[in-house]
Amino acid sequence: MLKKTQEGFEIMQERNKRYLESMKEEESSEKNEEEREEEPHYDLEKGDLPAIIISALLTFMPIILALGGALALAWILLH
């Protein structure tokens, strides 16, 4: 039984080595591709930044207010 277990460990170690080597090769090829391809640069137009900030506030403010209200209510009732 010990021999079969040892053989299994050796097989898994070999598979892990092959897998890690293939991952290193993929990462190096991806890095080379990323270096070749530049990310597109998007210019913001006038008024885009305030619009982004306002939309973020409209998205997250109701959540923040609901959580704050729940905490305030819990503080009042439990304190």
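Predicted, not measured: the structure shown is a model, and the values here were computed from it. FYI, side chains are in, hydrogens and waters are out, and symmetry mates aren't considered; it's all heavy atoms of this structure.
For residues 50-72, no pair satisfies ring pair (Phe, Tyr, Trp, His ring centres under 6.0 Å), with sequence neighbours left out. For residues 43-52, the side-chain hydrogen bond (donor to acceptor under 3.5 Å, both in side chains) pairs, not counting sequence neighbours, are His41-Asp43.
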Return all side-chain donor-acceptor pairs below 3.5 angstrom for residues 13-20, not counting sequence neighbours, or 'none' if the list is empty.
from, atom 1, to, atom 2, distance (Å)
Asn16, ND2, Met12, O, 3.3

Side-chain atoms of residues 71-79: list all donor-acceptor pairs with protein atoms under 3.5 Å, sequence neighbours left out, distances to 0.1 Å.
none

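Under the side chain to side chain contact (heavy atoms under 4.5 Å, CB included) criterion, Leu58 pairs with Ile54, sequence neighbours left out.
Counting Ile, Leu, Val, Met, Phe, Trp and Tyr side chains that sit under 4.5 Å apart, directly or through other members, Phe9 stands alone, with no cluster partners.
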